[in-house]
Structure formats: structure tokens, C-alpha cells
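Working notes for the structure below.
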Amino acid sequence: MRVSTRLSAAAFAVALILSGCGESTSSSQGSGVKDNDNSGTDNPTLPTQFDEAALVANLVNNVLTPAVTQFNELAVTQQLEVANYCSGEKNSAQNVATLKQRAQDSWRAAMMGWQYVELMQVGPLTTNSKELKNNIYVWPATGSLCDIDLDVVYFEAGVINGNSNNPYDITQRTANRKGLTALEHLLFSTNLAHNCSTVNDALAPWNNRPDQEKRVARCEFATAVAKDIEGHSDTLLTQWSGDNGYAKQLLNAGQPGSAFDTPHLALNEISKALFYMTEELKDGKIATPLGLGFPNACGLEACPEAVESPIAEHSKKNLLANIRAFRNIFTGNGQDPENTLGFDDFLEAEEGDEVKARMLAGLDAAEATLLAMTGSLKAELATSAEQVTQAHSDVKKVTDDLKTEFIEKLALELPKTSAGDND
Amino acid sequence: MTKHTIIKKSLLAAAVIIALPQAQAADDKQDIEHISIISHHDKLRKEAGSATLLSEAQLAEYEYDDIHRILSNVPGVNIREEDGYGLRPNIGFRGVTPERSKKITIMEDGVLIGPSPYSAPAAYYFPVPTRMTAVEVFKGPAAIKHGPQTVAGALNLVTRQVPEFTEGGIDVAVGSDGYTKAHGYYGSVVNNVGFLFEAVNLQADGFKELDGGGDTGFEKNDILAKFNYKLSQGGYDHTFGLKLSYADELSDETYLGLTEEDFAQNPYRRYAASQPAEMDTKHSQIMLSHILDGNGVNVTTRLYRNDYERAWLKLNGVGAKGGASLSKIIANPESFANEYGVITGARDSVVAGSNIFLNMGTNDREYFSQGLQVDANSNLTMFGLTHDISVGVRFHEDEIERKHFEQAYAMENGISTLIEGSKQFTSLNTENTKAWSVYIEDKVQLDALTLGMGLRGELMDMSYQDNKDADVWIDKTTRIWLPSLSGFYQLSDDAGLLFGVHQGFVPSSPLQDPDIELEKSVNYEFGGRFNDGVTQFEIVSFFNDYENLNESCGQSNCGVNDQQDQQFSGGEVDVYGLEMQFAQRYPLNLQIDIPYSLTYTYTKGEFQNERATTFAQWGYIKAGDELPYLPSHQATFNIGLAASDWKVNVAVKYISEMSEAAGRSTEDFELVLEGAEVPNTTIVDISASYELGRYGQVYAKVDNLFDETEIVSRRPYGARPGKPRQFSLGYKYQF
């Protein structure tokens, strides 16, 4: 009994250490801990004096909306040029080469325009698992050239694989069979043979058909694809700039009816789009073709074929457009040269001059490295990986700051997809 | 005797056991190892809380190696099947998520046995049930003595005791799909030192058919050694014990399931992308114990250390990072035909215009769990009332170190091959908890009423450190007190009523944001019990009122890489239900009895508020939405024929359908398995045994007699089947 009594006393002694009743939690954390919880408290820890609403307004009106509008115009032009070219191809027009060149140029312009929008993936471009964005440009997901070749003959026949119960409807086709990726193959591939290792009944006759028939079949499908892109671009523009579009939601942040309780939350959403620079640009567009930790078609070595737009050899320009779009959002430089309120000004206001300077220098260095390449990224990789590796280092300097000091100074959130990356 | 003295004596005892095998004989009247918690007699149990005991004889009836099948005889247990063999059990009580059994307290011989019960409670290690001699389940206020997880209850697995006399046994079995079991033990007493050695080997080739060929089974080894030494001194009996155990597992397991269409064609198919999958684990335990017994006092002291390491290589994703999740690809194979083609091996990773590689992740983790706990109980009379007082104090420390990495694999001609040099580390971090816990429970006898009052306290110092970035760390300290009140009112010698109320709690792991509200609930139960030696009947209703239900995302329950280790709050939730057990024996004639029993559970769990979550099992929830993976009805009916030298048993288990997701998608979040249900299942197992007199016993059994092939779960990555019909034939010999 004495033992029990003493043990009870010991237990109560420990109990006394657990002072107070009910429950309590106290904590401390390191400077590197990000607010990544799901409790809905997304407000910055310290209130800022900076006019975040004005920053959001300038970024929306001066940078984001013009990019979306510009792409819509480019998509319309692209559709017209591709249709013109196809008309010439079908009629065996004398100037068909010129018409094709113009169609290709319209694709290049549309792709450049889209690469700006790639850096601005917010709102309608991210909902439903990026369905709208993927319908325009599916990268970094990939399909295969074979899939596109199959859709050429399905579209031509009006049914899928000879099944009359399954009529061809491009709006129902998966994103990797259409969009800017498919158009690149249809407009730029010089090899008219199909790319499938095994063929079905629909594709079986393809390689034995006359070249002119193949060209017409491809351009007719290209016309449909361009039309589909234009349609999705119209949808994007409506969802962005419509009466209750996403732009208005951002602009009205903090006001009744907006999806954003504060301008800071709206700004946070825009800042997340900048993280395209990490996984998609740095890892997907540069490290992957370099074989730098990410496998490509050649394994883990430099691989010219693994660049983003290998057929049109447009990868370098895509990268330049991405970097310039990043800079436009960062500096607030856009359509109206009078208003340049950007994240750089916000950083200055939050004593982030040094990180601002570093990031701008990194952007300049990355752009300079790319511009110093005489040929395309694919050509550069075929001769030497040195400059491409340098571009990777330049971009990494920017993303290192983006993931740390940039979001810390501005009390922004690290996107969940970047929380566990491989840096 | 002070606590320090007890510790010193325990350590001294271990030294004595090893160094002095010729020590003096102890009084051998005491055979208690205090590893089982529920009384093992056949009379009416007077425990106030809901407690269920499965004895060695019950466990031997079906010779199950799968804890899921064993627990089908316990009411109030909800389970999510996964691999068919129960290698990584998913057990919940009274509606808590069954996910990796992380919300129940799991013990072996009364000691926490999960790899890291505070810091990472997902029980990837689970003791082999084959070598257990009893299984105990506590719910309601009965769980307050066994934290840290007290919202649902506790599960205690009881290992074989060191025998008083020489005894031993072997149990060997073979079965379909390459199943083999070899199990043996031997124990004796030499110069007052008792010892027991036990070993189990289980293996199977697996019942799934892997694209490209290969096994889909497992091999498990489990070795146990126990020693004890008893002595009497000053009116007290002392038992000093040393327990050593080692377990390993190598299994060809994956999280990858099948599309609905492929499941319909062949539920046992496994895609080529899972060819390299492998789980490799090792577990070891050392425990020193001391039991002091006498003069109405019993004090048990245990000093324990568990080490566990595991590395699970499995498919994490396919294609570009940030692309569609595996769960989405498997749910929509037409929309992701290329990714699906690479997973099945129908398409190569590299084709013109497209590279789609397999991303295989190895979640390499090391754990330890150690502590010192002292439990005491005593009967005494104060103020004219009889008190049965239990007190306990425990210092426990556990830790998990994650060293996760990913590697790229290329699919070529249906074979998945590693791309050398593609290894990249992902999660590198450490979570640690140092916890003091105390409890006291006083059961006062007031005429026919046994009134129990209890209090549990937990003080947890937790730390998280990101091992890639020294600035990413969290330290937090949490204190909580959990009261309980329970009662048993004896109506007669054979019948009584029970009731209870207690506060439940689940610690949040060190990594979780300290601002997130802790999971707490107030749990009520009321019921009755009857046992006249022929008929046993118990019915208990329960109501668990959650202030805030939290869930965290692991790969197995979410399947979304971006959400790994995140915690989500579901707000207020009510879980209520009814549990019933009934058992009887009907004597057919003088030679043959018909034993039969029924276990039934009704459970309902409902959210009480509207909340937008991005948890892969919830989505956007509204008041009235039901908790996922919680069947409304579960029933197990056992019936047998038992003669003196032979017996036959049949078990029929029914589980009603379960939803795989609670809420709905929103514009910003797609709930991949919205509206999906796990269909209801009825599984029949049959077993028979025949005594060969002094030559032992032969037994045969068929699990899943009618070869039910329904989907048991679609998480994390597609539909998965339960175990198909499995025959096995065994022989047991005991001496």
C-alpha cells in the first residue's frame, strides 16, 4: 500500500508539472517556416503601408489583361493565316510556300504571345485542373506525334477509327491532340510520313498516299485546330475581361462581391503565377533538355530533341518571352509607360532593395545569355551545353530569391507545388 | 519504494537474469506478466468502458495472419482494406479514419508499439498477429489509460507469456498463391530463469498478376525472445523480465490499383509500372520490465526501446511534375491515354514528340520510440468505500527521420527500368516528441454501482527540423487534460448496465502549424452486458461529439503529392452508432456443440458545418455529409460444430457500402473520387481442425470461400481487390 501511495504521489507530482487545466499550446519557429496551413488565415503577419490595391490594379490593367487580349488577337490572325494557307494548298496555289510561311509566322507570333500568358496563370487558366489553358497549350504535358497523325485522319474521315457511331468532334478530343503543340507539328514537320510504330485501319493507308493529299489532310486539320484555339481564346477573354470576369475580381479585391477579402490575397494569387519560373521554366525548359537531374529522351544527358518546341525550333524565343513576362509583372511595365507600379516597388517599400536588385540582375543575365546564342536552343545544345547551362544558372539565381526573400519580404505564400521541389 | 529505486531494481534484474542463471527460486504462484489488460475469466465483466477480448482459443479458430480479419469479431471497428494480406492495416474505432491506424493507440504487451506514436502515428509497423495469444480492444472511457490517441480507443496485442513449465509448439501451413507459414516456440524454466523463444516466417507469392511477370507477395520474419526471473521478498513478489524482438518484411507492394474497366476484366492484374515496387522494413525491440505484486498492490515498470526503418519504393507519378495526379489518370484513362499507356506498359516512355517517364519515389524513413512507464493499481478502503485505484506515469520519446527521394524509370517494351543518376531527394526532415503522460483512475464501489473517475494528462514537447534548410524548424509545447467518468451498475449476477463519458484527443504532429486547432471530442457511451456462462450479450450505443476533426494527407489516403503531410480541419463532426455482441453454445448432443456468435455495428458520421477544404477525401463539405470509408452496417456471424477431437467454423462477414469521398468538387478543387463508393461485401471464411491425439492437430481453411472480388478501395491510385479465395492446410503440434 505504501508503494502505491508513493507512486500515486509521484504521478501527481508529474501532474503538477502539467500546470493549468484544459489545453494549451505554445510554439516558436525558424525564419524559414512558411505559412502553409489550411486554416484559411492567409493574411500577412504584419500590415503593410504599401498600396497593394494600386499594385494589383496596375498589374491587371497594364500587364495581365493586355497579354490576354493580345493573345486573342494573335489567335484570330493565326486562324486566318492557317485557313489561307490551307486554301492555297488545296488549290495548289503558286504562292503556297509564301502562304505556309505566313501561317508559320502566325504560329510563332501566337506562341510568343502565349508564352507571356504562361507566366500569368491565375483564375480561369488554373480552374478545373488548367483545362482551358491545356486546350490552348498542353505543355509541359506531352502527347505524341502519332496521336496527332491519327487525329489528322480521323478528322478527315469525320469519324474516329472508322466507327460511324463515334463522330469526330475536336472539342471532345484530349488536349494533347490539339492546341499549339499539334499546330507546330502540322505546320512545321517536313516529314509527311506518320509517326506511329503500329497503325490501325484508319492510318494504315497514310504512308502510301500522295504527298499532296497528306499536306491537304494535315492543313485541314491545322485549320480546325487553329479555329479551336481561337474559340478557347475567346472563352479566356470572356472569363477574364467579362462583366464579372476574373480581372474585375482582382481589381475589386477587398470590396463586397469579390472573391478576395483583401488586395493582399489578390496579389498573392498573382505572385503564385511567377513560380512558373521554377518548375516549368528552369526545370522543364532548361534542366530537362540538359539532362540536369531530369531525364529526357536521351537519358540524363544533353538532348537537343528534348527542348520545348523542337520542330519549329522556337524554344529560345519561348524562354525569352517567359523571362520578359516575368520582368513585366515584377516591374509593372506594360501597356501604359506612365504607370510602372510593380513588385519591385513593393520590395523597396518593404526594405527589399537588395533582393530586388539581385532578381533584376538575374533576369538581365538570363536574357543576355539567351540572346548571345546565335542559333536556336536546339542547335545550341547540339554543339555545346555550356551556354544553356549558364542560362540555367542565371534563372536559378532568380528563382532562389523568389522562393525565399521575395515571398518573405512581401508576406506572400509559397505555392504548394514549390514547397517540396528539388532545389 | 521510490520510482528511482524501481528503475534501479529493474535494471539490476536484467543484469541478474543474464549473469546469474543459478539464482534462487522464486515463489512461482504468480504467473502474471501484466501484459494483458482485460480479465480473462468467463464471468460477467464489470469493466465500465467498452472492452473486447479475443482469446488465444478464438484466435486459433481461423489461424488468421491478417489483423483486419481478426478484428471483424470486434464491434465498433471500421477498416479499409488495402493489399489483401493486411500488411499495413487501416483500423479505426467508432468512425475515426482507419488510415494507417493512426488515430488509435496501438500497443504490444501494454507498451506503445507504433513506429513513432506521437510524431508520426501512421502505423507502418504492425506486429505479426500470428504469434499473438490475445487481442484486446478498448473504446470509450476504457481508452483513457492508454494514450496518446484517445478519441477512439486502444488496441493491445498480447504476446506469449514465458511458461511456468517446459512447453513448445510448431505450426506449419501451406496454401494457395505460394502461401507458407512456419511458426514455432519453446519455453521453459531453468534455475528459476524462465525463457521463451518464438519465431514466425510468413510468405506468399501474391495473388496479383504483374504485367511483365514477377511476384506480388511478401516475406515476413518475426523473432521473439523473453526471459524472466521471479523472487519473493518482504511479502512482495517480484518478476523481472527482458523481452527482445526482431521483425523484417520484404514485400512487392504498391499503391497502384486499376482503372474501373481493367478491374472489371481482371481484378488481380497489376500494371507494369509497379514492377520495381518494394517495401523493405526492419523492426527491433528491447524491453526490461519489473512487476511488484503483493499486499493488494501491483506495480509494473517497463523500460522500452523500439527501432524501425522502412524504405518503400513505389510509383509516385507519371509524366511532367505538376501534371495530372496518378489518381486522376487512373480515374480518367481515356483523357490521359498516353500516361495510362506508359503505366500499363502498352506505350514506351520515349516516342516521337513525347517523353513520359515514371516517377518512382522511395520513402525512406527511420524511427525510434523509447520510454519508461510505471503502472500501478491497488485496492483500498477509504471512508468506508472500496476503491480500485490505477495510476500511471510515462516518459516517452519518439522520432521519425525522413530521407525521401525520387528516381525516374523508363518504360520500354513493357519493362520498367531505372534511369541511373536520376535520384533526387525530396523530403528530408526530422520530427521528434518528448512526452510526459499521467493518468489516474479510481473505481469506487457504491453498492451495485462501480463508479470510475479518471484523468489523463499529456505534456508534449515537439520539434520539427527541415534537414535541407536549418532555418525551417518548429518547436511547440502542448498540454492537455482529459477527464473521464464511467460506471457499471450490476443488475444481477449476470447482467449490468454501463455508461461513460470522456474527452478524446489526438496530438498533431510536430510539423503541423501550431495555430491549427487540435482534434478533440467528447465521447459518450451507454449500454448493457449479460453473461450467465452460456450466453454472452453486450450492447453499447455511443456518441462522439468532435469539436474539430482533423485529417492529414499521406500518400496512401490522398494520392496527391502536393498535399503530403498537410493537415486539414473539418470542423464539428458527430459520430454515433450502436455496437452489439452476442455469443452462445447450443449442445446438439453429448458429443457435439454448436457455438455461434454475432457481432454487429451501426455507425453514422456526419459533418456539422459547411467548409471548403482541399482534402482529397472531403472536398467542399456541407452539414450532413457523411464521413468517407465508414460503413453504416457491419456484421459478422460465426457458427460452428465442435466435438472433442474435431471442429468446423464458418464466419460470414458483411460490410455495407462506403463512400470514398465526403463532399464535392468546386471550381478550384477537383474531388477525384466524388460520388464513388466501395460496394458492400459479404465474405465467407471456413476452417476445420482435427485432433490427432498426441500427434498434434491438422487444420484446413478457406478464406473468401465464394471468391468475392469486389473493390475494397480506390485509394490512392485506382481500384484494388481484396484477397481472393485462399486454401491452406496446416499442422500444429504442442507439448
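Each chain gets a letter, A, B and so on, in the order the sequences are listed, and its residues count up from 1.
Ranked by non-hydrogen atom pairs under 4.5 Å with chain B, the options A/Thr126, A/Asn134, A/Leu300 are led by A/Leu300. For the set A/Ser28, A/Ser27, A/Gly299, the entry with the most heavy-atom pairs within less than 4.5 Å of chain B is A/Ser28. Per-residue heavy-atom pair counts under 4.5 Å with chain A were compared for B/Leu518, B/Leu455, B/Ile356, and the maximum is reached by B/Leu518.
Applying the salt bridge (Lys or Arg N to Asp or Glu O under 4.0 Å) criterion to A/Arg177, with sequence neighbours excluded, gives A/Asp147, A/Asp151.
There is no contact between B/Glu517 and chain A, counting heavy-atom distances below 4.5 Å. Looking at A/Asn176, the atoms closer than 4.5 Å to chain B (heavy atoms on both sides) all sit in the side chain, from C-beta outward. Residue B/Lys520 touches chain A through its side chain alone, counting heavy-atom pairs closer than 4.5 Å. Looking at A/Thr174, the atoms closer than 4.5 Å to chain B (heavy atoms on both sides) all sit in the side chain, from C-beta outward. Both the backbone and the side chain of A/Pro295 come within less than 4.5 Å of a heavy atom of chain B. For chain A, no part of B/Arg611 is nearby; none of its heavy atoms comes within less than 4.5 Å. Using a 4.5 Å cut-off between heavy atoms, B/Gln512 does not touch chain A at all.
Counting only heavy atoms from C-beta outward, the side chains of B/Val351 and A/Ser197 never approach each other to under 4.5 Å. Residues B/Tyr464 and A/Gln29 form no side-chain contact, since every pair of their non-hydrogen atoms from C-beta on lies 4.5 Å or further apart. Within the 4.5 Å cutoff, the side chain of A/Thr142 has no heavy atoms near those of the B/Asn355 side chain.
The CZ atom of A/Phe294 sits 12.5 Å away from the CD1 atom of B/Ile419 when rounded to the nearest 0.5 Å. Atom CE of B/Met460 and atom OG1 of A/Thr25 lie 7.5 Å apart (nearest 0.5 Å). The CG atom of B/Asp348 sits 11.5 Å away from the OG atom of A/Ser144 when rounded to the nearest 0.5 Å. Of the inter-residue distances, the one linking B/Glu670 atom CD with A/Glu131 atom CD reads 9.0 Å to the nearest 0.5 angstrom. Between atom CG of residue A/Asn195 and atom OG of residue B/Ser354 there is a gap of 11.5 Å, rounded to the nearest 0.5 Å.
Residues B/Phe357 and A/Asn296 share a closest heavy-atom pair of CZ-O, 3.2 Å.
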